[in-house]
Amino acid sequence: MNPIKVLIDCDTGIDDIVALSYALKTPDLEVLGVTTVCGNLPTDITTYNTLNALHLMGRDDIPLARGADRPLERPLQDAAYIHGSNGLGGYEFPEKTSKTPVDQPAWEFLHAKLCEQSEPIDILALAPLTNIALLLQKHPDALARIRRIVFMGGSLRTGNPTPVATFNVLADPEAAKYMIATKVPFVMCSLDCTRGSYLTFEELESTRQFQNPVADMVRQVTGFYITSTKKENTVDGKKKGIDIHDLCTVMYVTHPELFEGESYFADVETKGELTTGFTLVDYEDNLRKPAEDKTVYFLKKVDREAYVRYFLDTLATY
Ligand code: BDR
Ligand code: CA
C-alpha cells in the first residue's frame with residue numbers, strides 16, 4: 001500500500017515530539033511538510049523544537065513553515081507547567097540543526113502544498129487550530145483540498161486543564177469552532193480516547209534496549225511528563241502510565257482499525273463563564289441534527305496494546 005500523504009501542524013511539546021518520532025519513521029506515512037503554532041509554548045520555542053526534532057530523526061528533508069504567534073482572538077495561555085519552559089521537559093538536543101523555516105507563513109505553505117496534490121489529503125492537527133483556521137479563512141478553496149482534519153482535542157465531558165475543556169480547544173476556541181462550522185471532515189481524537197492510550201513505565205523503560213538517540217529522547221521527555229502530569233492532573237495521575245495524546249492522533253491515520261468512533265454533531269463553547277473551550281458533542285442525538293451536520297467523527301476508544309506495539313516497533317528502527 002502507498003504511504004498516506006499528510007501535513008502535520010504541531011506545538012512541540014512533549015507528546016508532539018513523541019508523535020513525530022512515530023510519524024516521521026513509519027513507512028505508512030509520507031509527511032509532506034510540518035507547520036508550527038503557538039500552544040504548549042510560544043511559536044519561537046515550538047519552531048525551534050520541531051526543527052531540531054526533524055534533524056534528530058534524520059528528516060531534514062521535510063520542509064517546515066512557522067505559523068501564528070497568537071490565537072485568533074485572545075492571548076496565548078501556554079502549557080509550560082506540563083511541558084517545561086523549553087517545551088521538552090528540559091531535554092536538550094545532542095546536535096543543533098542549521099535548518100530554518102521556509103519563507104512562507106504556515107497557512108500559505110499549507111495552501112501551496114495542498115494545491116500541489118492531485119487528491120485531497122489529511123492534515124494532522126496536534127495543536128490549537130489557529131494555523132488551519134487561517135488557512136481556510138485566507139484560502140476558502142482549501143476546503144475541497146483537505147481529505148480530513150485529524151485533530152487531537154475535544155472530549156465528551158471532562159477536560160485538561162479545566163474540568164471541561166481540552167488544551168488544544170481551550171487555547172484557541174474560536175479557531176476550533178470555526179473549523180467545525182466549515183463542515184470539513186473532522187476527526188476528533190478525544191481525551192476519552194487518548195486517556196486509554198497510555199504507555200506504562202515498563203513499556204517506556206523497555207525502549208532502553210533500542211540504544212538509539214530517538215528512543216533516548218522519548219524516555220527523557222516522558223520522564224518529565226510523568227511528574228508534571230501527575231502533579232497537575234489528578235485523572236492522569238491515577239493511571240498506570242502516561243497518555244501521549246498526540247501520538248494517538250497519528251496512530252489513527254496509520255491504524256484506524258484499532259479505534260472505535262462515531263459521527264456526531266459538535267460545536268465549541270467560546271463564551272462560557274465556566275465552560276469556554278468545552279466541545280459540545282451531541283452524543284445522545286438530543287438536537288436531532290440531519291446527517292449532513294454530523295461532521296465530527298469522534299474517537300472513543302483505542303486498542304491500547306496493539307497501539308503500543310506499533311509505536312515501539314517503529315521506535316526500534318531508528
Ligand atoms: C494536548 O494539549 C497539549 O498540551 C498536548 O501537546 C496535546 O496536543 C493534550 O490535551
Ligand atoms: Ca500538541
Side-chain angles (χ1 to χ4, degrees), residues 1-32 34 40 50 53-54 57 59 62 121-127 147-155 160 166-168 185-200 202-204 206-207 210 214-215 217-219 221-222 225 229 236 239-263 296-318:
M1 211 185 70
N2 287 337
I4 300 166
K5 294 182 180 184
V6 296
L7 291 157
I8 299 180
D9 186 65
C10 55
D11 59 340
T12 316
I14 291 175
D15 55 334
D16 301 75
I17 201 169
V18 178
L20 287 171
S21 76
Y22 174 71
L24 302 182
K25 195 71 165 112
T26 171
D28 297 332
L29 295 183
E30 181 184 343
V31 181
L32 302 175
V34 178
N40 289 327
T50 312
L54 291 171
M57 296 165 198
R59 297 306 309 269
I62 299 177
I121 62 165
D122 286 350
I123 299 184
L124 302 194
L126 313 181
R147 182 162 82 122
R148 48 189 188 173
I149 304 289
V150 186
F151 170 62
M152 192 285 122
S155 68
N160 73 350
T166 52
F167 178 78
N168 288 337
F186 193 95
V187 178
M188 191 178 266
C189 189
S190 71
L191 211 63
D192 310 70
C193 180
T194 64
R195 280 186 169 149
S197 73
Y198 59 88
L199 287 168
T200 67
E202 295 74 24
E203 285 158 351
L204 284 165
S206 75
T207 65
F210 303 156
V214 180
M217 175 279 292
V218 167
R219 278 197 313 284
V221 297
T222 50
Y225 207 42
T229 50
D236 285 346
K239 283 278 175 56
K240 287 181 276 178
I242 51 167
D243 310 324
I244 314 288
H245 307 279
D246 292 341
L247 174 61
C248 202
T249 309
V250 181
M251 194 67 71
Y252 173 69
V253 178
T254 58
H255 293 288
E257 72 283 0
L258 305 183
F259 291 78
E260 279 174 35
E262 210 171 320
S263 295
V296 170
Y297 188 68
F298 183 86
L299 300 183
K300 305 175 182 181
K301 222 172 155 187
V302 60
D303 171 351
R304 192 196 80 85
E305 273 162 30
Y307 155 96
V308 171
R309 198 173 57 243
Y310 284 124
F311 170 60
L312 294 180
D313 286 352
T314 303
L315 196 59
T317 62
Y318 273 99

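Just so it is clear, the model here is predicted, and its values are computed rather than measured.
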S.K.: The criterion is side chain to side chain donor-acceptor pair (under 3.5 Å); which residues satisfy it with Thr12, sequence neighbours excluded?
M.R.: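 Checked Thr12 against side chain to side chain donor-acceptor pair (under 3.5 Å); matches are Thr50.
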S.K.: Can you see whether Tyr198 has Arg304 sitting over its ring - NZ or CZ less than 6.0 Å from the centre and within 45° of the normal?
M.R.: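 Yes.
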S.K.: Should the pair Arg148-Asp122 be classified as a salt bridge under the 4.0 Å nitrogen-to-oxygen rule?
M.R.: yes
S.K.: Tell me every residue that passes side chain to side chain donor-acceptor pair (under 3.5 Å) with Thr222, counting only those two or more places apart in sequence or in another chain.
M.R.: none
S.K.: Could you tell me whether the side chain of Val308 reaches within less than 4.5 Å of the side chain of Leu199, counting heavy atoms only?
M.R.: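 Yes - at least one pair of side-chain heavy atoms lies under 4.5 Å apart.
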S.K.: Under 6.0 Å between the ring centres of Tyr307 and His255?
M.R.: no
S.K.: Short question: side chain of Tyr22, backbone of Leu247 - any donor-acceptor pair under 3.5 Å?
M.R.: no
S.K.: So do the side chains of Ile121 and Ile123 get within less than 4.5 Å of each other, counting heavy atoms only?
M.R.: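 Side-chain contact under 4.5 Å: no.
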S.K.: Just wondering, do Arg59 and Val31 contact through their side chains at under 4.5 Å, heavy atoms?
M.R.: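 Contact flag for Val31/Arg59 side chains = no.
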S.K.: Please tell me if the side chains of Phe298 and Cys193 come closer than 4.5 Å, counting only heavy atoms from C-beta onward.
M.R.: no
S.K.: Identify the two heavy atoms, one from Val253 and one from Ile4, that lie closest to each other, and give their separation to 0.1 Å.
M.R.: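 Taking Val253 first and Ile4 second, the nearest heavy atoms are O-CD1, 3.5 Å.
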S.K.: Taking it one step at a time, do Leu191 and Asn160 satisfy side chain to side chain contact (heavy atoms under 4.5 Å, CB included)?
M.R.: CA-CA 8 Å; Leu191 211 63; Asn160 73 350; 4.1 Å; yes
S.K.: Test your reading of the model: is there a side-chain donor-acceptor pair from Thr166 to the backbone of Gly154, 3.5 Å cut-off?
M.R.: yes
S.K.: Side chains of Ile149 and Val187: does their closest heavy-atom pair fall under 4.5 Å?
M.R.: no
S.K.: Quick one: pull up CD1 in Ile14 and CD1 in Ile242 and give me the separation to the nearest 0.5 Å.
M.R.: 8.0 Å
S.K.: Examine distances only and state if a side-chain atom of Asp15 and a backbone atom of Asp246 form a donor-acceptor pair shorter than 3.5 Å.
M.R.: yes
S.K.: Apply the test side chain to side chain contact (heavy atoms under 4.5 Å, CB included) to residues Tyr297 and Tyr252: give CA-CA distance (whole Å), side-chain angles for both, the deciding distance (0.1 Å), then the verdict.
M.R.: CA-CA 12 Å; Tyr297 188 68; Tyr252 173 69; 3.6 Å; yes
S.K.: Answer yes or no: is there a side-chain heavy-atom contact under 4.5 Å between Thr249 and Met188?
M.R.: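 SC-SC contact between Thr249 and Met188 ruled out.
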S.K.: Report the relative orientation of the aromatic rings in Tyr225 and His245; use parallel for angles under 30°, tilted for 30 to 60°, perpendicular for over 60°.
M.R.: perpendicular
S.K.: If you round to the nearest 0.5 Å, how far is SG of Cys248 from CG of Leu126?
M.R.: 11.0 Å
S.K.: Rounded to the nearest 0.5 Å, what's the gap from CD1 on Ile244 to CD1 on Ile17? Could you check?
M.R.: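 With rounding to 0.5 Å, CD1 (Ile244) is 12.0 Å from CD1 (Ile17).
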S.K.: Taking all atoms of both residues into account, what is the closest heavy-atom pair of Ser155 and Asp192, and its distance?
M.R.: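 The answer is CA-OD1, 3.2 Å.
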S.K.: Step by step, work out the side chain to side chain contact (heavy atoms under 4.5 Å, CB included) result for Met251 and Phe311.
M.R.: CA-CA 8 Å; Met251 194 67 71; Phe311 170 60; 4.1 Å; yes
S.K.: What are the two closest heavy atoms between Asp28 and Thr254, and how far apart are they?
M.R.: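 Residues Asp28 and Thr254, closest heavy atoms: CB-CG2, 3.7 Å.
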S.K.: Does any non-hydrogen side-chain atom of Leu315 lie less than 4.5 Å from one of Ser21?
M.R.: yes
S.K.: Do Glu260 and Leu299 come close enough that some side-chain heavy atom pair is under 4.5 Å?
M.R.: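 The answer is no; the side chains never approach within 4.5 Å.
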S.K.: Sequence neighbours left out, what passes side chain to side chain donor-acceptor pair (under 3.5 Å) with Asp11? Give chain and number order.
M.R.: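 Per chain and number, Asp11 pairs via side chain to side chain donor-acceptor pair (under 3.5 Å) with Asn40.
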S.K.: Say whether, by atom type as modelled, one donor and one acceptor occur between the side chain of Asn168 and the main chain of Met152 under 3.5 angstrom.
M.R.: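 Yes; at least one donor-acceptor contact below 3.5 Å.
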S.K.: Taking side-chain contact (heavy atoms from CB on, under 4.5 Å) as the test, write out the residues that go with Ala23, two or more places apart.
M.R.: Ile8, Leu29, Val250
S.K.: Around atom CD of Glu257, are there more than 12 heavy atoms of other residues, nucleotides or ligands at under 6.0 Å?
M.R.: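 More than 12 heavy atoms, drawn from other residues, nucleotides or ligands, come within 6.0 Å of this atom.
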S.K.: What residues form a side chain to side chain donor-acceptor pair (under 3.5 Å) with Thr207, not counting sequence neighbours?
M.R.: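 Applying side chain to side chain donor-acceptor pair (under 3.5 Å) to Thr207 gives Arg219.
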S.K.: Residues in ring-ring contact (aromatic ring centres under 6.0 Å, His included) with Phe186, at least two apart?
M.R.: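 Applying ring-ring contact (aromatic ring centres under 6.0 Å, His included) to Phe186 gives Phe151.
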S.K.: Nearest 0.5 Å please: distance from the OG atom of Ser197 over to the CG atom of Asp303.
M.R.: 11.5 Å
S.K.: Does the pair Glu203 and Thr200 meet the rule for a side chain to side chain donor-acceptor pair (under 3.5 Å), with working shown?
M.R.: CA-CA 5 Å; Glu203 285 158 351; Thr200 67; 3.3 Å; yes
S.K.: Centre of Tyr318's six-membered ring, under 6.0 Å away, within 45 degrees of the axis: is that where NZ or CZ of Lys25 sits?
M.R.: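 The answer is yes, since Lys25 meets both limits relative to Tyr318.
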S.K.: What pair of heavy atoms forms the shortest contact from Leu20 to Cys10, and how long is it?
M.R.: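 Shortest heavy-atom separation between Leu20 and Cys10 comes out as CD1-SG, 4.5 Å.
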